[in-house]
Structure formats: structure tokens, C-alpha cells
Amino acid sequence: MEILGTQLSITPNSSMKLDFVGQWVWLARRFPKPFSRVRTFSSEIKQCDGGVSMVQGASRGIGLEFVKQLLEKSNKNHVVATCRNPSEATGLLELKNKFAERLDIQRLDLTADSTIEETAKSVKHKYGYLNLLINASGILSIPNVLQPETTLNKVNRASLHLAYEVNTVGPILVIKHMWPLLKAGGGTGTERDFAIVANISARVGSIGDNRLGGWHSYRASKTALNQLTKNASVEFAHKKDPIICILLHPGTVDTDLSKPFQRNVPKDKLFTKEFSVQKLLSIIDSAKRSDNGKFFAWDGQEIPW
């Protein structure tokens with residue numbers, strides 16, 4: 001059974017520094033409209049003919065593989081890769097050596113709003129727009145800090161806050177601050193006429209598919225991410241912004257996130273990063289406006305809410 005979804009992007013040494021403020025985001029806020037100026041700026045950047053993508057949570061696992069495949073699929077694509085500690089992201093640094101002109105590495109900590117805002121400013125200054133935003137970070141377990149709860153008796157406030165902070169609050173704030181850039185970009189430099197927000201969710205976030213229970217913090221945080229992403233998709237449609245939002249379940253992927261839980265996963269259901277990301281990019285590349293607000297599994301099948 002496919003139960004796991006996203007890549008661990010937080011370490012035991014850093015997890016206790018989180019500020020569990022639990023702020024909620026009102027996506028109905030209307031942004032001011034300085035974007036005609038942004039479009040003029042972006043049109044001057046000829047080297048971005050292949051579009052500009054941003055992968056949040058790109059230091060390892062699925063996120064890192066997204067960066068690699070996006071860069072390799074076209075010699076025109078530009079990618080902004082974000083993570084908490086760029087100097088320690090050896091995989092990203094290796095890609096930077098190979099794709100120096102087309103890979104931009106930025107520091108972004110989901111628990112620090114200022115780093116999200118600074119990344120948005122940097123992207124605006126360098127590119128002027130975005131065509132694709134992939135929120136790939138996520139947290140399931142941290143030794144001696146967070147473990148999936150097999151029973152309600154093991155649920156505690158700290159675990160709930162931590163899961164929500166990283167899996168729900170952080171990604172939606174990233175969308176909030178990248179919204180103007182996605183609106184300015186639309187399908188510029190791509191074969192689409194709209195930008196895409198792709199949030200990596202998990203099948204366990206589906207209420208309709210929940211038959212086993214447990215995993216309270218992780219499951220609920222993904223359910224909340226699904227709802228907030230759906231809200232954003234509705235707002236973008238109402239405002240006629242050239243943006244769609246989709247949610248993606250990558251299957252159970254052989255990453256740091258899933259390693260403690262792979263024992264009972266059949267071999268044919270444990271995917272490599274390469275396979276999973278290839279499937280997810282295929283869904284992204286073939287997305288239509290009518291897919292706005294939908295939740296897809298790695299094989300393209302729609303998942304019930």
C-alpha cells in the first residue's frame with residue numbers, strides 16, 4: 001500500500017529551533033498590481049526562454065531529483081532550488097557545478113518568514129517571474145523528536161505543531177509570496193498559457209481513502225495542505241490569474257523519509273526517486289486548466305479528498 005509522500009527536509013539538530021506560531025494564512029488577500037513593471041523586466045531576460053521553475057525543499061530526495069530532471073530535460077530551463085542550509089546541500093552544489101548558468105540556489109527556511117520573503121525578492125530581481133513552483137519539503141519523523149503516532153494515546157501538542165509548521169503552514173506561505181511571480185510568469189517560455197503550483201502531498205492525507213487510521217500528525221497536516229491548496233486554486237480561478245494548483249502523491253519512494261517504514265512495503269511498490277519524479281513531471285507537463293485543484297497519484301489517477 002502506498003502510504004508515504006514527501007521528502008524529509010529537517011534534521012534533529014535543527015528541529016528544536018522551530019517557532020511553533022501556527023499562524024493561519026488568508027489567501028483571499030488581493031495583491032497590489034505592480035506586475036506590468038515585472039513583466040517588462042522579465043521580457044528583457046532572453047536566457048529564460050525555457051521558463052523558470054522553483055523547487056522548495058531541494059537539498060535531497062524527491063526535491064533534489066526534481067531539480068536534476070528539470071535541468072536535464074531542456075538546456076533552456078532555469079531552476080531556483082531552495083533549502084535551509086545551501087552550504088551543506090552537497091547534491092545541489094554538485095548540480096551547480098554542472099549547470100552554473102541555469103541553477104540558482106537560495107536559502108529558504110519554512111519556519112522563518114523572512115527567508116521566504118527574501119527568496120521572492122531575489123527571484124523577482126533576477127528573473128522577474130516564475131512558471132512552476134514545486135513544494136517538495138515535508139516531515140514525517142525525527143529520531144527522539146517526532147514519530148508517526150500509531151494510537152491516539154501518543155498524540156501530543158509538539159508533534160502536531162511541528163508537522164503543521166513544516167507540512168502545511170510553510171508551503172502555503174511560499175505560495176503566498178510567490179503568487180505575484182507566478183501571476184507575472186503564467187506560461188512565459190513554456191508551451192502552456194498558465195503557471196503551475198505543484199504541492200507534494202500524500203495519499204494518507206485523503207479522508208475518503210483513510211481505512212487504517214493512525215499517523216495523526218502527518219496525516220492531518222497533509223489533509224490541511226490539500227484544503228489550503230484547493231482554496232488557493234479556487235481563488236486563482238476567481239481572479240482569472242494564469243495559475244493552476246495541483247496536489248501530487250509520489251508513492252512510497254526510497255528516501256530518508258521512508259526508510260524507517262519500508263519493511264512492510266512490497267518491492268514493486270517502493271519506487272526510486274528517478275521513477276517517481278519522472279512520473280510526477282509527466283503529470284505536471286500534461287496538466288490542463290481543468291485540472292486546477294485536483295489531487296493526483298504518481299500514475300495519474302485522481303485521489304478522493
Salt bridge (Lys or Arg N to Asp or Glu O under 4.0 Å) pairs, two or more places apart, involving residues 276-285: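 Checked against salt bridge (Lys or Arg N to Asp or Glu O under 4.0 Å) - neighbours excluded - the pairs reaching residues 276-285 are K73-D285.
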
Can you list every pair that meets salt bridge (Lys or Arg N to Asp or Glu O under 4.0 Å) and has a residue in residues 130-155, with sequence neighbours left out?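 Applying salt bridge (Lys or Arg N to Asp or Glu O under 4.0 Å) to every pair that reaches into residues 130-155, excluding sequence neighbours, yields nothing.
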
Might you point out which heavy atoms bring E65 and K273 nearest each other, and give the distance in Å?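 For E65 and K273, the tightest heavy-atom pair comes out as CG-O, 3.6 Å.
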
Once you measure the plane-to-plane angle for W215 and Y218, does it fall in the parallel (<30°), tilted (30-60°) or perpendicular (>60°) bin?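 Judged by the thresholds at 30° and 60°, the geometry between W215 and Y218 is perpendicular.
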
Please state whether the rings of H78 and Y127 are parallel, tilted or perpendicular, taking 30° and 60° as the class boundaries.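 It falls in the perpendicular class, over 60°.
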
For [X], enumerate each residue passing the side chain to side chain contact (heavy atoms under 4.5 Å, CB included) test, keeping only those at least two apart in sequence or located in another chain.
| X | value |
| --- | --- |
| N210 | R219 |
| S290 | K288 |
| V234 | K230, H238 |
| K121 | E118 |

To the nearest 0.5 Å, what is the distance between [atom1] on [X] and [atom2] on [Y]?
| X | Y | atom1 | atom2 | result |
| --- | --- | --- | --- | --- |
| S114 | R107 | OG | CZ | 7.0 Å |
| Y164 | S159 | OH | OG | 12.5 Å |
| L133 | H177 | CG | NE2 | 12.5 Å |
| R102 | S74 | CZ | OG | 6.5 Å |
| C83 | E88 | SG | CD | 9.0 Å |
| I172 | L228 | CD1 | CG | 4.5 Å |

Under a 4.0 Å threshold between the charged nitrogen and the carboxylate oxygen, would R84 count as salt-bridged to D109?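 Salt bridge between D109 and R84, a charged N being under 4.0 Å from a carboxylate O: no.
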
Checking [X] side chain against [Y] main chain: does a donor-acceptor pair fall under 3.5 Å?
| X | Y | answer |
| --- | --- | --- |
| S206 | P304 | yes |
| T168 | S221 | yes |
| N135 | Q56 | no |

Test V155 against L160 for side chain to side chain contact (heavy atoms under 4.5 Å, CB included), laying out the working first. CA-CA 8 Å; V155 174; L160 287 166; 3.7 Å; yes

For a 4.5 angstrom cut-off between non-hydrogen side-chain atoms, does L70 reach L132?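 Side chain of L70 against side chain of L132, heavy atoms only: contact under 4.5 Å found.
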
Mind checking whether L103 and V67 have side chains closer than 4.5 Å, heavy atoms only?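 Yes, side chains in contact.
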
Could you go step by step and tell me if I246 and I284 meet the side chain to side chain contact (heavy atoms under 4.5 Å, CB included) rule? CA-CA 8 Å; I246 58 176; I284 291 171; 4.2 Å; yes

Donor-acceptor side-chain pairing of T190 and N131 below 3.5 angstrom: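 N131 and T190 do not have a side-chain donor-acceptor pair below 3.5 Å.
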
Pairing residues for R289 by the salt bridge (charged side-chain N to carboxylate O under 4.0 Å, His left out) criterion, not counting sequence neighbours: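 D193.
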
Please name all residues satisfying side chain to side chain donor-acceptor pair (under 3.5 Å) with [X], sequence neighbours left out, ordered by chain then number.
| X | result |
| --- | --- |
| E72 | K68 |
| N226 | S201 |
| S122 | Q106 |

Taking CD in E191 as the centre, count heavy atoms belonging to other residues, nucleotides or ligands within less than 6.0 Å. Is the count above 12?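 Not more than 12 within 6.0 Å, no.
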
Output the rest of the hydrophobic cluster of I207: all Ile, Leu, Val, Met, Phe, Trp and Tyr residues reachable through side-chain heavy-atom contacts under 4.5 Å, sorted by chain and number.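 Besides I207, the cluster holds no residue at all.
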
Residues clustered with F295, ILVMFWY side-chain links under 4.5 angstrom: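 Members other than F295 - counting any ILVMFWY side chain reachable under 4.5 Å - are L225, L247, I303, W305.
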
